[in-house]
Each structure stands twice: as structure tokens, then as C-alpha cells.
Amino acid sequence: MFSKVLVANRGEIAIRAFRAAYELGVETVAVFPNEDRNSVHRLKADESYQIGVPGHPVRAYLSIPEIISAAKSAGADAVYPGYGFLSENPDLAAACAAEGITFIGPSAEVLELTGNKARAIAAAKAAGLPVLNSSAPSADVEELLRASEEMDFPVFVKAVAGGGGRGMRRVADRVQLREA
């Protein structure tokens with residue numbers, strides 16, 4: 001069990017993490033940029049640290065060095081990223097590991113693997129897990145059209161390194177595939 005966890009997020013996700021930590025008897029640390037200095041998540045934590053520079057609130061939550069620095073200053077033994085921001089960033093997991101801080105989430109290696117959909121599918125297949133029918137990654141539209149001939153529609157067109165559904169298109173009919 002951890003004694004103190006820094007939540008590298010804001011808003012509802014941070015508040016829920018703080019509630020869970022409280023129920024487990026774990027101390028909590030919030031980080032916040034200047035623009036979030038009056039945010040509820042900051043008030044719900046046992047302690048809080050300002051990060052970033054004024055005018056760039058999102059950039060603050062994406063700053064791995066500042067999050068690690070705040071965790072070390074607070075004596076946090078764990079970092080929880082919540083969702084969004086750095087939650088799928090292998091660099092945060094690796095930075096935590098390098099500093100002896102537990103990253104509450106997948107390891108840097110798993111995040112590296114799952115960040116690339118083609119590698120993740122190959123790893124799932126190699127592990128004997130069932131996967132949906134898919135094509136090899138390609139920028140060649142004709143190659144992708146040929147691969148789709150063996151698939152049932154609807155299909156999803158997805159960027160190999162896209163995350164959170166960005167760049168994903170549902171294609172209901174084969175005639176729509178080329179444009180998607």
C-alpha cells in the first residue's frame with residue numbers, strides 16, 4: 001500500500017482518486033497550474049503544488065519533470081495519472097520508475113506496446129488471444145481496399161498510433177472506405 005499518492009490530473013477524476021485514497025488511509029497530493037489555483041480538486045487533496053507557467057494550464061499537466069519534482073517534494077511514493085493527459089504516456093511511467101516512485105497504471109513497456117495498435121494486435125495474437133480481423137498498417141489505399149475484401153462491414157479505419165478514438169472512422173459500407 002502507498003502512504004502518499006500524487007494525482008497528476010484535475011477535476012472529477014482527481015476528486016474521485018482523492019476519495020478512494022482517503023478511504024484507504026492514503027495521503028494525497030494535487031498539482032495545479034496557476035489557472036486552476038481555485039479548483040476544487042486542489043482543495044480536496046491533503047497538500048498541493050503549483051506547476052507550470054501562467055497562460056499554459058494544459059501544458060502544466062503534461063510536464064513530466066514538474067510532476068516528478070512535485071512528487072519528490074511531497075514525498076509521494078506513487079503517482080496516479082487518471083485518464084487523458086499523461087495516462088497513456090510511457091515516459092511518465094519510466095520517469096516514475098527511475099525515481100523509485102510507483103506509477104499506478106501499466107508499465108512503460110506495456111504503454112509502449114499498446115501505443116502502437118499494430119504491435120498491440122501482434123502481441124495479442126502471439127499470446128493466443130482472439131482479436132478482430134484487421135489489416136496490416138499501410139498508407140497504400142489500394143492495399144487497404146484489398147484487405148477489406150475479407151472483412152465484414154461495418155469496419156473502423158484507425159490510425160496506428162492514434163489514441164482515445166482520435167482519427168478513427170466507422171465505415172458502414174465498402175463504397176465509403178476509400179474516402180475514409
Side-chain angles (χ1 to χ4, degrees), residues 2 5-14 16-17 20 31 33 51-52 56-72 76-180:
F2 316 115
V5 62
L6 180 144
V7 177
N9 217 303
R10 64 183 176 188
E12 183 66 20
I13 188 61
R16 287 179 181 212
V31 290
I51 59 173
H56 300 283
V58 172
R59 223 182 277 168
Y61 291 106
L62 296 174
S63 175
I64 294 169
E66 291 203 57
I67 289 169
I68 294 296
S69 177
K72 289 170 62 176
D77 52 353
V79 170
Y80 174 62
Y83 57 81
F85 292 130
L86 293 170
S87 63
E88 297 178 21
N89 188 316
D91 295 337
L92 177 59
C96 286
E99 294 295 335
I101 299 169
T102 300
F103 178 76
I104 302 174
S107 68
E109 295 77 20
V110 169
L111 290 169
E112 284 282 349
L113 175 66
T114 57
N116 180 296
K117 304 314 178 235
R119 284 195 319 246
I121 290 169
K125 285 180 180 178
L129 298 171
V131 297
L132 295 172
N133 193 9
S134 62
S135 68
S138 178
D140 182 340
V141 174
E142 297 305 321
E143 181 181 338
L144 295 171
L145 290 171
R146 283 190 300 276
S148 76
E149 292 171 7
E150 299 177 22
M151 297 177 189
D152 294 327
F153 278 72
V155 299
F156 283 91
V157 176
K158 175 96 172 93
V160 169
R166 291 184 303 272
M168 188 165 46
R169 303 285 181 265
R170 181 181 188 278
V171 181
D173 190 277
R174 194 173 312 281
V175 297
Q176 300 169 323
L177 187 57
R178 179 179 296 277
E179 182 180 334

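Here the side chains of Phe2 and Ile104 are in contact, with some heavy-atom distance below 4.5 Å. Side-chain contact check for Leu111 versus Asn89: every heavy-atom pair is 4.5 Å or farther apart. Residues Phe153 and Val175 are not in side-chain contact: their nearest non-hydrogen atoms beyond the backbone lie 4.5 Å or more apart. Side-chain contact between Ser134 and Ile121 is present, with at least one heavy-atom pair separated by less than 4.5 Å. Using a 4.5 Å cut-off on side-chain heavy atoms (C-beta onward), Thr102 and Asp77 make no contact. Between Tyr61 and Ile67 the shortest side-chain heavy-atom distance does not fall below 4.5 Å. Between Val58 and Arg10 the shortest side-chain heavy-atom distance falls below 4.5 Å.
Closest approach of Pro137 to Ala118, counting heavy atoms only: CG-CB, 3.3 Å. Taking every heavy atom of both residues into account, Arg119 and Leu113 meet most closely at O-CD1, 3.5 Å. In plain terms, the two heavy atoms of Ala71 and Leu6 that are nearest each other are N-CD1, 3.6 Å. Of all non-hydrogen atoms in Ala8 and Val31, the two that sit nearest each other are CA-CG2, 4.1 Å. Scanning both residues, Pro81 and Ser87, for their nearest heavy atoms gives CB-CA, 3.7 Å. Across all non-hydrogen atoms, the minimal contact from Leu144 to Leu177 is O-CD2, 4.4 Å.
Separating the CZ atom in Arg169 from the CD atom in Gln176 is a distance of 13.0 Å, to the nearest 0.5 Å. Note that the CG atom of Asp91 and the CD atom of Glu112 stand 7.0 Å from one another [nearest 0.5 Å]. Here CZ of Arg16 is found 12.5 Å from CG of Asn9. Values are rounded to the nearest 0.5 Å. Remark: Tyr83 OH to Glu12 CD distance equals 7.0 Å, nearest 0.5 Å. Atom CD of Glu149 sits about 12.0 Å away from atom OG of Ser135, to the nearest 0.5 Å. Taken from CG in Leu92 to CD1 in Ile101, the straight-line distance is 9.0 Å, to the nearest 0.5 Å.
For the pair Ser69 (side chain) and Pro65 (backbone), a donor-acceptor distance under 3.5 Å is absent. Checking side-chain atoms of Ser63 against main-chain N and O of Ala60 turns up no donor-acceptor pair under 3.5 Å.
Around CG of Asp140, the count of heavy atoms belonging to other residues, nucleotides or ligands within 6.0 Å exceeds 12. Within a 6.0 Å sphere centred on CZ of Arg174, other residues, nucleotides and ligands contribute more than 12 heavy atoms. More than 12 heavy atoms of other residues, nucleotides or ligands lie within 6.0 Å of CG in Leu129, so this atom counts as buried by the packing criterion.
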